[in-house]
Protein chains: 2
Amino acid sequence: MPRTPGQRAGLTYDAVLAAARDVFAERGRAGLSMRSVAAQLGVAPNALYSHVADKTALVDALLDDVLGTLAPPSADADPTTGLRDVMLATFDLLVARPGLVPAYLERQGARGPRARALGEAMTVLLARLGVGEDAAGRVVRALIVHTLGYAALATADDATLSPAQLRADLEVTLDWLLVGASGS
Amino acid sequence: MPRTPGQRAGLTYDAVLAAARDVFAERGRAGLSMRSVAAQLGVAPNALYSHVADKTALVDALLDDVLGTLAPPSADADPTTGLRDVMLATFDLLVARPGLVPAYLERQGARGPRARALGEAMTVLLARLGVGEDAAGRVVRALIVHTLGYAALATADDATLSPAQLRADLEVTLDWLLVGASGS
DNA sequence: GGACGAACTGTACACCGTCCAGTACGCTGG
DNA sequence: CCAGCGTACTGGACGGTGTACAGTTCGTCC
């Protein structure tokens, strides 16, 4: 429904974010453009810039949003399995929504509030493994890098290995990292 | 120097690749476009398509080319340090040329002949560590994913950690992986 | 009620990858 | 030696991108 200039469409930041999520879900990462999001809202492309600084800011918000659907590890579970399970859940999440991984890679990881919250939950578990606060950062980084990398392999266009195989591999190599972390 | 249509500029595949390398070195990944490469050669943009299928094919070739500057691990070195050194050299290579990492991430890793050669050299070393041929693939993958990920962190725009710190972290976590690999 | 700031519009700029049709060259067969 | 052909190149264009600029109109506050 076209509007005469100046009229308010009632956009909000959240509405823009929701529209971006819809477009991403329907048309994938390649189909996510300022114009497509604006079209989804029935609005001129540049209208989005009243609510969002950049395209990159928009996808950053979108990516962090996705992380919110991840159940944080319960603090009283066995630390090792708890950590492994979060990372495997992350892997599953990324693999289930193709196109998500390239977006994360392009932004070289998410730094939003949800990402930070997850990191802190992991740090708590690591503390119970005997890993100090300073070393915890290193371990969290290692686990995340590893998991994201395997998700990237699993969703690559010319993937020679099945996601299931890679998931099994990830499980093994995560354990290597966790063993190394707790033994140092 | 403009040419009348039909005249030959004497382009070759290698010349295009070299021009791409130059443009990349000078203007980085964002500045690498078909048009900029063509301009570097004094040629119309679409002239490149006589020698290169795609832009993606061009950057794939470019990325694999870069890997050629990496010294393969000597087969008679200590396997563990040999493997660690290749990965650290890879890290250094990626960090030294900013913009390289995003390109690799975008293509989700290199699959060219040089990449394969490196992988095979690593497999040889792993065999001397007692890692069978089938498991070697898994370990090589883990090491590469890990290294590339750390290089990504080191070259991220908002990098909070210095490359040197990350390199040290990488050294530690690579050892965790190698210990896990040889102990299984 | 008049001013103001913000939300929106149309338009436009500077790019991008790539396709299409044409042209002129180099090579090869006769 | 010359005709013909394949191909390396050209100009031009298409459809797309992110985003800046200026204008219009609305809701709100003094």
Side-chain angles (χ1 to χ4, degrees), chain A residues 1-24 26-63 99 102-103 105-108 157, chain B residues 1-24 26-63 99 102-103 105-108 157:
Chain A
M1 197 60 52
R3 232 164 298 100
T4 66
Q7 231 161 351
R8 306 282 162 105
L11 286 194
T12 47
Y13 174 80
D14 288 339
V16 172
L17 193 61
R21 196 169 34 219
D22 289 354
V23 169
F24 189 92
E26 281 176 33
R27 304 202 243 163
R29 166 186 144 64
L32 181 74
S33 66
M34 291 293 123
R35 287 172 153 87
S36 62
V37 172
Q40 171 90 6
L41 293 162
V43 138
N46 30 359
L48 304 182
Y49 288 88
S50 298
H51 307 276
V52 161
D54 258 333
K55 189 197 180 180
T56 68
L58 179 57
V59 320
D60 277 353
L62 180 60
L63 292 181
L105 294 181
E106 186 178 331
R107 297 295 302 143
Q108 311 202 347
D157 292 337
Chain B
M1 198 60 54
R3 231 164 296 101
T4 66
Q7 228 162 353
R8 306 284 164 103
L11 286 195
T12 47
Y13 174 80
D14 288 339
V16 172
L17 193 62
R21 196 169 36 217
D22 289 354
V23 170
F24 189 93
E26 280 176 35
R27 303 203 241 163
R29 167 190 142 65
L32 182 73
S33 66
M34 292 291 124
R35 286 171 150 89
S36 61
V37 172
Q40 171 90 5
L41 292 163
V43 139
N46 30 1
L48 304 182
Y49 289 88
S50 298
H51 306 277
V52 162
D54 258 335
K55 188 196 182 182
T56 68
L58 178 56
V59 320
D60 277 354
L62 179 60
L63 292 180
L105 295 182
E106 185 177 333
R107 296 296 301 143
Q108 311 201 346
D157 292 339

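Not measured: the values here are computed from a predicted model. Letters A, B, ... are given to chains in the order of the sequence lines, protein chains preceding strands, and every chain is numbered from 1.
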Student: In this structure, how many angstroms lie between the P atom of C:dC15 and the CZ atom of B:R27, rounded?
Tutor: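 Result: 10 Å.
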Student: Round to a whole Å and report the spacing from OH of A:Y49 to C1' of D:dA22.
Tutor: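 Atom-to-atom, A:Y49 to D:dA22, this comes out as 17 Å.
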Student: If you check the A:R35 side chain, which of D:dA8, D:dT19, C:dT18 turns out closest?
Tutor: D:dT19
Student: Rounded to the nearest angstrom, tell me the gap between atom CE in A:M34 and atom P in D:dA20.
Tutor: 12 Å
Student: Please find the pair of heavy atoms, one from B:Q40 and one from B:A19, that lie closest to each other, and give the distance.
Tutor: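 Smallest interatomic distance, heavy atoms only, reads CG-CB, 3.9 Å.
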Student: Measure CG/B:N46 against C1'/C:dC20 and give the value in whole Å, please.
Tutor: 10 Å
Student: Rounding to a whole Å, what distance do you find between B:D54:CG and C:dC19:C1'?
Tutor: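 In whole Å, C:dC19 C1' and B:D54 CG are 13 Å from each other.
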Student: Output yes when at least one side-chain N/O atom of B:H51 is less than 4.0 Å from OP1 or OP2 of D:dT7, else no.
Tutor: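 No, because none of the side-chain N or O atoms of B:H51 sits under 4.0 Å from OP1 or OP2 of D:dT7.
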Student: Roughly how many Å is it from CG in B:L48 to P in C:dT18, rounded to a whole number?
Tutor: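 It works out to 10 Å between those atoms.
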Student: How close do A:R27 and A:S36 get, counting heavy atoms only, and between which atoms?
Tutor: NH2-CB, 3.7 Å
Student: Let's see if you can work this out: which of D:dT19, D:dT10, D:dA20 has an atom nearest to the side-chain heavy atoms of B:A44?
Tutor: D:dT10
Student: Can you tell me how far CZ of B:R35 sits from CG of B:L48, rounded to the nearest 0.5 angstrom?
Tutor: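 Rounded to the nearest 0.5 Å, the CG-CZ separation comes to 10.5 Å.
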Student: When you measure from the side chain of A:P45, which nucleotide among C:dG10, D:dT19, D:dG11 comes out closest?
Tutor: D:dT19
Student: Take the protein atom CZ of B:R29 and the nucleotide atom P of C:dC16, then report the distance between them rounded to whole Å.
Tutor: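 Taking atom P of C:dC16 as the reference, CZ of B:R29 is at 13 Å.
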Student: Tell me whether the OP1 or OP2 atom of C:dC16 has a side-chain N or O from B:S33 closer than 4.0 Å.
Tutor: yes
Student: Nearest to the A:K55 side chain among D:dG18, C:dA7, D:dC9, which nucleotide is it?
Tutor: D:dG18
Student: Using every non-hydrogen atom in the two residues, find where A:L63 and A:A103 come nearest and quote the distance to one decimal.
Tutor: CD1-O, 3.7 Å
